[in-house]
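Below: one structure, written as structure tokens.
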Protein chains: 2
Amino acid sequence: MSAAGPPEAGREAPRVAVARLRSRAGARAEVRGWVYHLRSSGKIHFLQVRDGTGIVQAVAVRGEVPEPLFEAVGALTQESSLLVRGRVREEPRAPGGAEISLEEMEVIHRAEGYPITPKEHGPAFLLEHRHLWLRSRRQAAILRVRDAVIGALRDFLRKKDFVCVDSPIFTPAACEGTTTLFAADYFGEKAFLTQSGQLYAEAAAMALGRVYCFGPTFRAEKSKTRRHLTEFWMLEPEMAFATLEDVMDLAEEMLVDAVSTVLETRKEELKVLERDLGKLESVKRPFPRISYAEAARLLKESGIPFEEGGDFGAPEEAALSQRHDRPVMVHRYPHAVKAFYMKRDPADPGKALCVDVLAPEGYGEIVGGSQREDDYETLVARLAEHKLPRESFEWYLDLRRYGSVPHGGFGMGLERTVAWICGVEHLRECVPFPRMLYRIYP
Amino acid sequence: MSAAGPPEAGREAPRVAVARLRSRAGARAEVRGWVYHLRSSGKIHFLQVRDGTGIVQAVAVRGEVPEPLFEAVGALTQESSLLVRGRVREEPRAPGGAEISLEEMEVIHRAEGYPITPKEHGPAFLLEHRHLWLRSRRQAAILRVRDAVIGALRDFLRKKDFVCVDSPIFTPAACEGTTTLFAADYFGEKAFLTQSGQLYAEAAAMALGRVYCFGPTFRAEKSKTRRHLTEFWMLEPEMAFATLEDVMDLAEEMLVDAVSTVLETRKEELKVLERDLGKLESVKRPFPRISYAEAARLLKESGIPFEEGGDFGAPEEAALSQRHDRPVMVHRYPHAVKAFYMKRDPADPGKALCVDVLAPEGYGEIVGGSQREDDYETLVARLAEHKLPRESFEWYLDLRRYGSVPHGGFGMGLERTVAWICGVEHLRECVPFPRMLYRIYP
């Protein structure tokens with residue numbers, strides 16, 4: 001606390017969040033926050049104060065405010081914490097539509113030598129200072145979009161009767177093989193950190209009809225691309241009595257809803273991110289739905305070297321998505337490149353009843369889903385083909401022993417979806433504290 | 001699929017969720033689900049079908065339905081999956097207020113020998129079959145209450161301008177010492193699974209003002225009581241520019257909101273759980289707020305042996321909470337029994353500016369919070385006193401180097417709160433797939 005007194009003093013100006021200042025135009029208000037930027041013309045100080053909900057400019061004119069206050073403002077340092085009080089003025093050119101005529105100020109804590117300056121910093125430096133980097137306008141905007149996406153997804157699913165049923169993080173067995181799993185010591189036994197809650201969501205769907213899990217998942221991939229995190233959040237809805245068509249309908253409707261919610265509630269943040277709003281506004285139903293076979297034909301026609309039968313890599317996904325102004329759904333991949341639990345297409349047993357949703361602008365796969373194999377004998381055979389230990393999956397087989405029904409769902413990578421909506425290149429900026437190969441600090 | 005044909009056939013009766021059947025009274029409807037129970041009087045079959053949203057009774061009267069249909073209903077087995085169609089009748093005595101006069105039925109998959117029967121099973125057996133146990137009326141009700149609590153908490157925080165900022169699971173250091181941490185192999189290095197996202201939430205609060213994280217947390221406690229899980233969900237709001245009073249106000253308002261939302265939206269489930277609604281209806285503001293010193297005096301007066309200066313155990317918490325019809329807030333514990341990051345009370349430096357919220361009916365602590373130490377030098381001294389490695393906390397100290405502000409927050413154990421609201425004794429029933437000492441399957 002500075003000598004100017006405790007923040008509780010002098011309360012005739014009510015505390016207002018920057019995002020709500022405009023509604024106080026003409027009246028006095030108090031803002032509590034941090035110095036984001038200070039620009040001075042000699043005669044006028046333009047002090048930008050951020051409080052987490054936005055940034056407001058407080059203006060102090062020499063001669064109009066007491067000289068000691070004017071001097072004190074001029075001596076402020078970046079990221080010092082403070083209270084400012086003054087009259088709110090409508091100002092259409094300001095981000096939140098309002099400005100403050102500074103009348104009083106109290107410095108709470110003076111910051112010296114804040115490491116992140118307006119100059120350019122390299123990614124290693126910024127990641128090392130992630131706990132401070134979050135304060136920058138761009139990073140805060142991404143986190144606020146991420147929050148809006150999370151809220152939109154959960155609201156959407158609730159309206160559709162889905163029940164949140166969290167899957168466990170500690171798992172005894174691998175869903176898709178153990179090579180990319182993190183192992184933990186569980187009281188002397190080995191446990192793995194979940195790669196996907198899907199198998200558990202399937203069990204819950206048989207109990208509650210429509211469910212979803214939404215939590216952190218883990219991939220021990222030794223990959224250093226801008227598309228990889230070792231820890232990321234995944235949303236996995238699962239529906240009993242559902243076909244691949246139902247899965248595609250749900251993914252489509254949910255993505256449209258999430259994008260339109262962000263457009264409605266996070267316009268200011270999208271502006272900070274310099275996002276081309278037209279690209280988001282065109283995300284409407286219906287999304288193009290093309291089969292893997294059609295996709296393979298399109299790739300060949302475009303002269304992209306691609307061996308039919310294999311999975312798509314980043315170049316193929318980019319080529320396919322760039323043909324459309326909205327996400328494209330590619331369905332019915334060869335079962336050989338997909339997981340054991342996917343049901344095969346009765347019309348073409350070489351294919352799986354699955355779908356990948358590829359985001360536009362080359363953002364690649366954001367959703368992967370399928371109808372699940374619901375026949376007991378077939379699933380037993382699949383486990384053997386994939387050399388998975390049957391004893392670990394006995395409980396999963398139970399779902400096919402007792403009242404099996406057609407069912408399906410998908411997994412949506414939260415950070416990949418946020419990256420696309422924000423128009424951000426690197427996943428590491430789309431999660432609060434990124435975990436990557438060689439990085440678990442801070 | 002049975003020979004009766006695919007579920008897509010004969011669609012003039014629209015598919016309706018059991019929870020919405022009542023609105024279809026007088027019309028035909030189709031329900032897809034599982035056989036929950038079958039009772040027959042010889043002349044009449046009472047077939048209970050569950051679909052995840054509720055349980056409906058379908059009635060088939062011999063002579064009124066074709067004889068093969070009547071026979072087929074009589075041969076149904078528990079948990080077989082099926083479609084039933086018929087006319088919806090209002091029936092005030094039925095749980096959802098409606099019944100179906102059975103006209104058609106299609107068996108999708110016949111279940112043989114479903115292991116969980118209406119007879120009593122021991123907890124070990126039920127936990128081993130958790131993937132099926134979820135289908136029972138009681139377990140499904142608990143999960144639906146859990147879902148409503150999650151939704152209420154997130155909605156409440158959104159209305160109050162809190163931004164969801166997920167904290168990481170992999171952490172390089174311990175928040176409160178390493179003895180109860182799970183270690184994982186992180187590409188050859190050791191990483192710990194988070195016990196609390198608070199330190200990260202503090203960093204995010206300095207960026208966004210009001211934030212919360214809500215995810216799984218881990219405690220490697222070799223404890224086998226009904227009050228312990230090794231993996232549980234914790235909600236942790238954190239506010240910049242906040243005092244202990246603000247923290248208590250927030251916890252109080254949030255708990256009242258969560259309970260009233262459950263009362264409004266999950267009445268049917270509370271009935272299944274035979275919850276005394278009066279106990280929940282009395283959860284209103286204000287909650288009693290008593291200091292640790294007062295609490296210690298009350299315990300002594302009640303003749304409970306208790307050494308002042310120590311933390312409260314389950315018997316003390318129960319004794320304190322049973323004096324009130326709503327949660328009680330105990331504040332200002334001796335700092336010696338609390339974490340290093342708590343700010344000490346300027347009025348009594350032996351005490352910490354902290355609060356525990358004890359649920360009524362002996363459910364114990366559901367919330368623990370505090371104002372955080374915001375002075376750099378003091379925090380450095382606390383780390384040394386607690387023998388914590390300073391280098392792991394350099395980033396955390398940065399929050400006190402650059403624009404430190406008074407701030408605070410709390411952690412709320414989701415499953416403990418759900419146990420209390422549901423009136424359920426064991427935490428293991430309040431999480432979808434419990435992880436305990438000696439249990440990570442299924």
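Just so it is clear: chains get the letters A, B, ... in the order the sequence lines come, proteins before strands, and each one is counted from 1. Values below: every heavy atom of this structure, side chains too, minus hydrogens, waters and symmetry copies.
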Tell me, for [X] versus chain B, whether the close heavy atoms (under 4.5 Å) come from the side chain, the backbone, both or neither.
{"X": "A:Q139", "value": "neither"}
{"X": "A:D155", "value": "side chain"}
{"X": "A:W133", "value": "neither"}
{"X": "A:A205", "value": "backbone"}
{"X": "A:R130", "value": "neither"}
{"X": "A:R439", "value": "backbone"}
{"X": "A:R435", "value": "both"}
{"X": "A:A183", "value": "backbone"}
{"X": "A:F214", "value": "backbone"}
{"X": "A:L82", "value": "backbone"}
{"X": "A:R50", "value": "side chain"}
{"X": "A:L143", "value": "both"}
{"X": "A:I440", "value": "both"}
{"X": "A:S80", "value": "backbone"}

Are the side chains of [X] and [Y] in touch, meaning some heavy atoms are under 4.5 Å apart?
{"X": "B:L414", "Y": "B:R146", "answer": "yes"}
{"X": "A:H131", "Y": "B:D398", "answer": "yes"}
{"X": "B:I150", "Y": "B:W233", "answer": "no"}

Taking every heavy-atom pair that is under 4.5 Å apart, which of [options] has the most such pairs with chain B?
{"options": "A:D166, A:L208, A:V163, A:L134", "value": "A:D166"}
{"options": "A:T77, A:L437, A:T53", "value": "A:L437"}
{"options": "A:R158, A:E189, A:R154, A:E128", "value": "A:R154"}

Decide side-chain hydrogen bond (donor to acceptor under 3.5 Å, both in side chains) for A:Y212 and A:E238; before the verdict, give the C-alpha distance in whole Å, the side-chain angles of both, and the deciding distance to 0.1 Å.
CA-CA 6 Å; A:Y212 70 95; A:E238 189 76 26; over 6 Å; no
Between [Y] and [X], does any NZ, NE, NH1 or NH2 come within less than 4.0 Å of an OD or OE carboxylate oxygen?
{"X": "A:R137", "Y": "A:E269", "value": "no"}
{"X": "B:R144", "Y": "B:D147", "value": "no"}
{"X": "A:R401", "Y": "A:E394", "value": "yes"}
{"X": "A:E202", "Y": "A:R400", "value": "yes"}

In terms of heavy-atom pairs under 4.5 Å with chain A, which of [options] leads?
{"options": "B:H129, B:E221, B:Q78", "result": "B:E221"}
{"options": "B:G113, B:G188, B:P115", "result": "B:P115"}
{"options": "B:A204, B:P432, B:A17", "result": "B:P432"}
{"options": "B:G209, B:A111, B:A203, B:P442", "result": "B:P442"}
{"options": "B:A207, B:A148, B:P216", "result": "B:A207"}

Measuring from atom CG of A:L193 to atom CD of A:E231, what distance do you get when rounded to the nearest 0.5 angstrom?
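It is 9.0 Å, given to the nearest 0.5 Å.
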Okay, side chain of A:T180, backbone of A:R219: is any donor-acceptor separation there less than 3.5 Å?
no
Between B:Y402 and B:Y376, is a ring-ring contact (aromatic ring centres under 6.0 Å, His included) present by the stated rule, with each step listed?
CA-CA 10 Å; B:Y402 308 114; B:Y376 176 80; 9.3 Å; no
Checking B:I169 against chain A: side chain, backbone, both or neither under 4.5 Å from a heavy atom?
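Backbone plus side chain of B:I169, per the 4.5 Å heavy-atom cut-off to chain A.
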Assign the ring pair B:W395 / B:Y200 to parallel, tilted or perpendicular, where the plane angle (0 to 90°) is split at 30° and 60°.
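Parallel, since the angle between the ring planes stays under 30°.
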Mutual orientation of the aromatic rings belonging to B:Y186 and B:F170 [parallel < 30°, tilted 30-60°, perpendicular > 60°]
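Answer is perpendicular, since the angle exceeds 60°.
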